[in-house]
Amino acid sequence: MDAARRLPTSIATVCLSGTLPDKLEAAAAAGFDAIEMFENDLLTFNGSPAEVRRMCSDLGLRIAIFQPFRDFEAMPEPQRARNLDRAERKFDTMQALGTDLVLVCSNVQPAAIDDPARAAADLREMAERADRHGLRVCYEALAWGRHVSRWRQAWEIVRAADHPALGLCLDSFHTLALDDDLSGLAGAVPAERIFFLQLADAPRLSMDVLSWSRHHRLFPGQGELPVAQFLSDLLATGWAGLLSLEVFNDEFRAAPSRRIARDGQRSLIWLMEQAGLAPLPALPDFSGIEFAEFAVDAAARQELGRYLGGLGFRHAGRHRSKDVDLWRSGGANLVLNAEPDSAASERFEQLGPAVCALAFRVDDPDRLVGRAEALQYPVWRERIGEGERRIPAVRVPDGTLIYLVADPAHSERPIWEDDFILETAAAEPAPLLGIDHAAQAVAPGVMGTFVLFYRALFGLEPETPWELPDPYGLVRSRAFTSRDGSVRLPLNVSESSRTGTGRFISALAGAGVHHLAFAASDVTRVLDGAGERHAALLDIPANYYEDLNARFGLDGDELARLEAHHILYDRDAEGREFRHAYTRQFRDRIFLEVVERGAGYTGFGAANASVRMAAQRREASS
Ligand SMILES: O=C(O)c1ccc(O)c(O)c1
Ligand SMILES: [Mg+2]
């Protein structure tokens, strides 16, 4: 990374869970240079400000700001005089803490006077007093401030106050939440008058802005606000200061502080790239999912082999040095790994048979490893035998590995030939084309970590979430898809532990891939042989086909064919079709799907998800 343009980073103590020492340690461990000291975290700490100062300096952290100082400006007497006294007392605290900057957020009191000149005079008075102690004040427009809610208003007041110890604090949330931006900042506000920058993203929600801000803020890249554009507009003033995260989020405050702090640091590294400050190794180009890997033991391998055989998979190879088998149908590869002392066996010990890895085909695996390292995502390198190919991997937050392989179409030798003794392929009656998508269950409260992982590391963009009604609760699904559509990863979250997703999460101690879908050019042909091969397909009720007929007016033959093969059907607004069928579950923990995706259809048949989930529930209890 171009270190010259990399800006120092900071995180507000309010972002993190735990006691103040926990928060500080987590911030330091994640590599932050500074913190925002939230007053409440000081009030609840059983030690002096001087001790906090010492803890921070021992950890290599600077206290960049003390905040918030509320409801100060434009108050009638006697509150005005009282507020100035209150400020003097906080100046003492700041000096004990060893920080020179205090944040005044715009007044929310009904009693506040609607007079920018009064606000300016009061802030000038406060700045003069601060200056006598060698301290400074910055003024921030809260989006719900009584009379000041936008940065332009705050700036007009700061400009009118005209004191060198008074500057502006910008907070991306307050600006972007009001659909405002920083256009016009460069040219209007000299960079040296911008004393502090706070960064936060958020999902777009329609709710009052105060509740939105206090409970739903996210780190940059986890939400939907144009935070990178915000930073770019700020940089256009010539400003180069501290990037400080200020996120109020209920899930963050319940989560382990180390994970959240680490995500925060990653979000800023990513943001610096997005805003053109400090480049990272470029995002990959994808060309699909090369294989999925199951962690098995000997018994599970046999059982899983039979299950896969039902869809036409055949045993296609044996690893040269490890207890690993390749199963294949056409372009779809599945690896069954029973090697002791491996990443797979570690997964098996914890979870039993489970998908332990996926492999993405990318243009340059080494470049992506470099990107992962720059973003502080853990990279995994499995030990290898002589002459075997080392395939690097990154670890998904749930522990699943994602191997990175060069597109076999562009490399001299496909990975399989180096590492496996391949069997000569027999003619396949209805080969699969490849892996269409891999769905992951994600525990509630971790979605932000996953969004950042897939977006920052891989450039996969989250699509609009779907709400899928399981018989026992709601499942929220959000797909991450590469621009070319070759990698598709639906992520499913459920607050209820009784839904299929919820049960999977509790059974598998967290999360992971619970559903693999294979692409076929003709789903009916793949399923034609399924009966003979004893593939158990998920039963779909006749009512479903009645409704299909009503909705789409399919012809009778087509409808009968769908029903006979347990195939579900969808058609998008442009008339593009999607046919898909599901197998029964393997040990109540994974199921397979075969999909026939009409050209241009980008969905997953979400309209059919409730039928599928109800059928799975019947199957599980039968
Ligand atoms: O929610 C608040 O009160 C609050 C306080 C300080 C800030 O910097 C802020 O952005 C919000
Ligand atoms: Mg703020």
Side-chain angles (χ1 to χ4, degrees), residues 9-16 23 32 34-44 63-73 75 83 86-87 90 93-94 99 101-110 112 123 126 136-155 157-158 166-178 180-182 185 194-202 205 207-220 223 225 227 230-231 234 239 241-253 264 267-268 271:
T9 60
S10 156
I11 186 166
T13 55
V14 74
C15 302
L16 301 170
K23 292 170 190 241
F32 285 96
I35 55 141
E36 290 184 42
M37 185 68 235
F38 253 68
E39 183 164 40
N40 203 53
D41 284 317
L42 180 64
L43 302 184
T44 56
I63 303 179
I65 197 167
F66 181 62
Q67 79 129 325
F69 193 76
R70 295 184 191 278
D71 300 329
F72 168 74
E73 79 284 16
M75 287 301 266
N83 279 347
R86 181 160 63 94
K90 296 304 165 187
T93 306
M94 288 166 65
T99 183
L101 187 61
V102 61
L103 184 155
V104 174
C105 50
S106 61
N107 199 328
V108 302
Q109 291 302 315
L123 284 162
M126 182 170 172
R136 300 176 304 142
V137 178
C138 62
Y139 183 49
E140 173 193 41
L142 295 181
W144 55 91
R146 182 86 185 161
H147 303 297
V148 174
S149 57
R150 298 195 180 246
W151 69 262
R152 286 177 196 80
Q153 295 172 295
W155 167 242
I157 290 168
V158 167
L166 179 68
L168 194 60
C169 168
L170 293 170
D171 178 324
S172 62
F173 179 86
H174 295 298
T175 297
L176 301 174
L178 297 180
D180 198 358
D181 57 34
L182 292 185
L185 183 79
I194 301 165
F195 282 9
F196 207 73
L197 168 68
Q198 296 176 319
L199 293 164
D201 198 342
L205 300 171
M207 68 193 312
D208 73 283
V209 68
L210 179 121
S211 309
W212 186 17
S213 176
R214 294 257 172 98
H215 303 284
H216 301 284
R217 286 190 184 207
L218 293 168
F219 290 139
L225 302 181
V227 185
F230 180 93
L231 180 57
L234 171 57
W239 178 93
L242 189 67
L243 305 179
S244 190
L245 296 165
E246 189 200 34
V247 167
F248 309 89
N249 180 299
D250 302 342
E251 289 178 348
F252 286 20
R253 287 196 243 197
S267 80
L268 291 178
L271 189 69

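Both counts, for ligands and for their atoms, begin at 1 and track the order of listing. Atoms considered below: every heavy atom in the structure, side chains included; atoms not considered: hydrogens, waters and symmetry mates.
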Hey, does [X] sit under 4.0 Å from ligand 1 if you only count heavy atoms?
X      : result
Trp144 : yes
Phe248 : yes
Arg217 : yes

Worksheet item: Are any of the N/O atoms in Ser213 less than 3.5 Å from those in ligand 1?
Response: no
Item to complete: Could you say whether the N/O atoms of Glu140 and ligand 1 ever approach to under 3.5 Å?
Response: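 Yes; at least one N/O pair falls below 3.5 Å.
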Practice prompt. Please could you name the atoms of ligand 1 that Arg214 approaches to less than 4.0 Å, counting only its heavy atoms?
Written response: 1 (O), 2 (C), 3 (O)
Worksheet item: Under 4.0 Å from any heavy atom of Gln198, which atoms of ligand 1 are there?
Response: 8 (O)
Worksheet item: When the ring planes of Phe38 and Phe248 are compared, do they come out parallel, tilted or perpendicular, using 30° and 60° as the limits?
Response: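 Phe38 and Phe248: perpendicular rings.
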Around [atom], find the nearest protein heavy atom and jot down its residue, atom name and distance.
atom                    : answer
atom 7 (C) of ligand 1  : Glu246 OE2, 2.9 Å
atom 6 (C) of ligand 1  : Gln67 OE1, 3.1 Å
atom 10 (O) of ligand 1 : His174 NE2, 2.6 Å

N, O or S atom within [X] nearest to the Mg ion (ligand 2), by name:
X      : answer
Glu246 : OE1
Glu140 : OE2
Asp171 : OD2

Worksheet item: Pick one: which of Asn107, Leu123, Val137, Val102 meets side chain to side chain contact (heavy atoms under 4.5 Å, CB included) with Phe72?
Response: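 For Phe72, the side chain to side chain contact (heavy atoms under 4.5 Å, CB included) test succeeds with only one of Asn107, Leu123, Val137, Val102, which is Leu123.
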Worksheet item: So which of Leu245, Leu199, Asp171, Asp201 actually passes side chain to side chain contact (heavy atoms under 4.5 Å, CB included) with Arg217?
Response: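 The side chain to side chain contact (heavy atoms under 4.5 Å, CB included) with Arg217 is passed solely by Asp171 among Leu245, Leu199, Asp171, Asp201.
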Is there side-chain contact between [X] and [Y], with heavy atoms separated by less than 4.5 Å?
X      : Y      : value
His174 : Ser149 : no
Arg152 : Asp180 : yes
Leu170 : Leu185 : yes
Leu218 : Val247 : no
Phe230 : Leu225 : no

Discussion item. Can a side-chain donor-acceptor contact be found between Glu36 and Gln198 if the only test is distance below 3.5 angstrom?
Written reply: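 Yes - a donor-acceptor pair under 3.5 Å links their side chains.
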Item to complete: Please determine if the Mg ion (ligand 2) has an N/O/S atom from Gln67 lying under 2.8 Å away.
Response: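 No, since none of the N, O or S atoms of Gln67 sits under 2.8 Å from the Mg ion (ligand 2).
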Worksheet item: Between Leu142 and ligand 1, which residue portion shows a heavy-atom distance shorter than 4.0 Å: side chain, backbone, both, or neither?
Response: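 Answer for Leu142: side chain.
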Fill in: Verdict with reasoning, Leu231 to Leu197, per side chain to side chain contact (heavy atoms under 4.5 Å, CB included)
CA-CA 9 Å; Leu231 180 57; Leu197 168 68; 4.0 Å; yes
